[in-house]
Amino acid sequence: MPELPEVETVRSSLDPVLRGRTFARVEIHDERLTRPFAPEAVARQLEGARVESVERRGKYLLFRFDGGRTLLVHLRMTGSFHSRANDPYARATVTLDDGTNLVYRDVRRFGTWLVVEPHEVAPYLEARLGLEPLERGFGPAALTARLAGRRAPVKAALLDQRTVAGMGNIYADEALWRARIHPLRPARELAADEVRRLHRGVRRALEVGLARQGATLRDYAQPDGRRGSMQLEFRVYGREGEPCPRCGTPIEKTRTAGRGTWYCPTCQRL
DNA sequence: CTTTTTCCCTGGACGC
DNA sequence: TGCGTCCAGGGAAAAA
């Protein structure tokens, strides 16, 4: 499930390949992808557009074209890019002006493609996303402000993209373990030093994920087919019953905000 | 306003 | 082998 490190890895693979290339032909095979807009209309908007850069904000990929028009791609659960032929799960195919193909694959069809005009890009993203956790503006004070007054479990608050852009289920659990904070703690009850630990935990977990080029569990892969190795670094995620790497206590599993949640009952006290 | 629940999707794992 | 059930979960939308 692509979260910030996975999406950033995809971005860094695509950017050098697509920069300066033109979308010569665009075929969208699944009407769900562009809903509520007609696939043909979206394809037509994209044909002839020249890529200025591929950027990322939260879990969104931004294909910026000359003039500022932007394609926002969200991979959701199983979206990925590759260039292989004959993929039964191909939902869109872009032929570039150098003749190569860029295939968008999405088994579960949760992913979305949205074309937005230049002046709409920032408002669309700012309405949905909080700070970029790896950028300068994201400090302990900013995190404190985002958690203040929220009685929801801190894990639920972390999954809210307006709290920390790009966090997902895996990195939220890993960050909370690093911070030694129980996922069900009400967000507003965290003490100042706990928020500082959480801030560090968020950054560390994401940085390790980036260094490992993401986690490949089921579907995620880079455009060239390489897999991430972050799954080898998990401290708690998916490790129910296995010993906590810090204290040896068996990892427990619960549910938060409808998501599987793994934690160490000794290191992360309620 | 905030928080919780439901829904969308499919393949894989599992029990019988 | 085959069938039914559950699970994975990001985010929009509805419900509380």
Side-chain angles (χ1 to χ4, degrees), chain A residues 1-8 10-11 28-37 39 56-62 72-80 87-92 104-114 116 123-130 132-133 145-176 183-190 202 205-206 209 214-221 228 230-231 234 236-241 251-263:
Chain A
M1 44 234 70
E3 304 179 26
L4 188 153
E6 288 77 20
V7 178
E8 177 58 27
V10 170
R11 186 210 64 77
I28 294 169
H29 321 298
D30 178 9
E31 78 288 343
R32 248 201 82 89
L33 185 62
T34 55
R35 241 172 27 178
F37 304 104
R56 179 195 59 76
R57 179 80 170 84
K59 299 174 196 168
Y60 289 89
L61 284 169
L62 285 68
L72 295 178
V73 172
H74 199 303
L75 304 173
R76 297 290 176 99
M77 302 302 298
T78 55
S80 66
D87 180 351
Y89 299 107
R91 307 304 182 194
Y104 174 73
R105 168 191 173 92
D106 190 352
V107 172
R108 284 165 66 181
R109 304 166 62 206
F110 278 4
T112 54
W113 281 27
L114 177 68
V116 290
Y124 183 90
L125 294 173
E126 297 320 302
R128 290 166 174 78
L129 304 174
E132 282 294 323
R146 296 285 179 166
L147 297 176
R150 304 185 61 168
R151 68 186 65 205
V154 61
K155 164 124 187 224
L158 281 179
L159 291 175
D160 182 342
Q161 297 302 292
R162 292 168 302 181
T163 308
V164 183
M167 288 296 287
N169 203 41
I170 291 173
Y171 294 93
D173 280 2
E174 296 295 306
L176 287 165
L184 295 180
R185 284 279 303 284
R188 64 178 182 181
E189 290 180 13
L190 295 188
V202 165
L206 293 173
T216 297
L217 291 178
R218 301 169 191 85
D219 303 277
Y220 165 75
M230 178 61 191
Q231 68 279 4
F234 288 165
V236 288
Y237 180 85
R239 300 189 60 231
E240 186 179 9
I251 301 300
E252 291 186 4
K253 182 187 183 184
T254 182
R255 280 190 94 76
T256 321
R259 306 301 182 238
T261 298
W262 290 266
Y263 66 101

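Remember, predicted model here, so these are calculated numbers, not experimental data. Reminder, nothing fancy here: chain letters follow the sequence lines and each chain counts from 1.
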Categorize [X] for me: base, sugar-phosphate, or nothing, with a 4.0 angstrom heavy-atom threshold over every strand shown.
{"X": "A/G258", "answer": "nothing"}
{"X": "A/R255", "answer": "sugar-phosphate"}
{"X": "A/K253", "answer": "sugar-phosphate"}

(request) Would you confirm whether A/R150, through its side chain, and A/A187, through its main-chain N or O, come within 3.5 Å as a donor-acceptor pair? (result)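 Judged by distance alone, no pair lies under 3.5 Å.
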(message) Treating A/R162 as the side-chain partner and A/A127 as the backbone partner, does any N or O pair qualify as donor plus acceptor under 3.5 Å?
(response)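 It does not hold such a pair.
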(request) Step by step, work out the side chain to side chain contact (heavy atoms under 4.5 Å, CB included) result for A/L176 and A/Y263. (result) CA-CA 8 Å; A/L176 287 165; A/Y263 66 101; over 6 Å; no
(message) Measuring from the side chain of A/A152 (C-beta onward, heavy atoms only), which nucleotide among B/dG11, B/dC9, B/dT4 has the closest atom?
(response)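 Per side-chain heavy atoms of A/A152, the pick is B/dT4.
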(request) Quick one: closest heavy-atom pair of A/D173 and A/G260, and the distance? (result)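 That closest heavy-atom pairing would be OD2-O, 3.8 Å.
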(message) Against A/V236, only a single residue in A/K253, A/E252, A/E174 fulfils side chain to side chain contact (heavy atoms under 4.5 Å, CB included); can you say which?
(response)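 Of the listed residues A/K253, A/E252, A/E174, the side chain to side chain contact (heavy atoms under 4.5 Å, CB included) partner of A/V236 is A/E174.
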(message) Let me test you: for the helix from B/dT2-C/dA16 to B/dC16-C/dG2, what is the angle between the axes at its two ends (five pairs each), rounded to 10 degrees?
(response)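 For the helix from B/dT2-C/dA16 to B/dC16-C/dG2, the axes at either end differ by 50°.
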(request) Identify whether the distance between the nearest side-chain nitrogen and carboxylate oxygen of A/R32 and A/D30 falls below 4.0 Å. (result)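 Result for this pair is no, no salt bridge flagged.
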(message) One thing to verify: whether A/R105 and A/D87 come together as a salt bridge, which I'm taking to mean a side-chain N less than 4.0 angstrom from a carboxylate O.
(response)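 Salt bridge present between A/D87 and A/R105.
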(message) Evaluate A/E126 against A/R57 for salt bridge (charged side-chain N to carboxylate O under 4.0 Å, His left out), listing each step before the verdict.
(response) CA-CA 10 Å; A/E126 297 320 302; A/R57 179 80 170 84; 3.3 Å; yes
Between atom [atom1] in [X] and atom [atom2] in [N], what is the gap in whole Å?
{"X": "A/R151", "N": "B/dC1", "atom1": "CZ", "atom2": "C1'", "value": "11 Å"}
{"X": "A/R105", "N": "B/dC9", "atom1": "CZ", "atom2": "P", "value": "18 Å"}
{"X": "A/Y89", "N": "B/dC9", "atom1": "OH", "atom2": "P", "value": "15 Å"}
{"X": "A/L75", "N": "B/dC9", "atom1": "CG", "atom2": "P", "value": "18 Å"}
{"X": "A/R150", "N": "B/dC1", "atom1": "CZ", "atom2": "P", "value": "13 Å"}
{"X": "A/E240", "N": "C/dC7", "atom1": "CD", "atom2": "P", "value": "12 Å"}

(message) What I want to check is whether an N or O donor and acceptor connect the side chain of A/R108 with the base of B/dC9 at under 3.5 Å.
(response)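 Yes.
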(request) Return no unless some side-chain N or O of A/Y237 is found under 4.0 Å from OP1 or OP2 of C/dG9. (result)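 It does, given that an N or O in the side chain of A/Y237 lies less than 4.0 Å from OP1 or OP2 of C/dG9.
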(request) Using a 4.0 Å heavy-atom cut-off, write out nucleotides 10-16 of chain C from 5' to 3' as B (base contacted by protein), S (sugar-phosphate only) or - (no contact). (result) BBS----
(message) Rounded at 0.5 Å granularity, tell me how far NZ in A/K155 sits from CH2 in A/W262.
(response)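 One gets 7.5 Å once the value is rounded to the nearest 0.5 Å.
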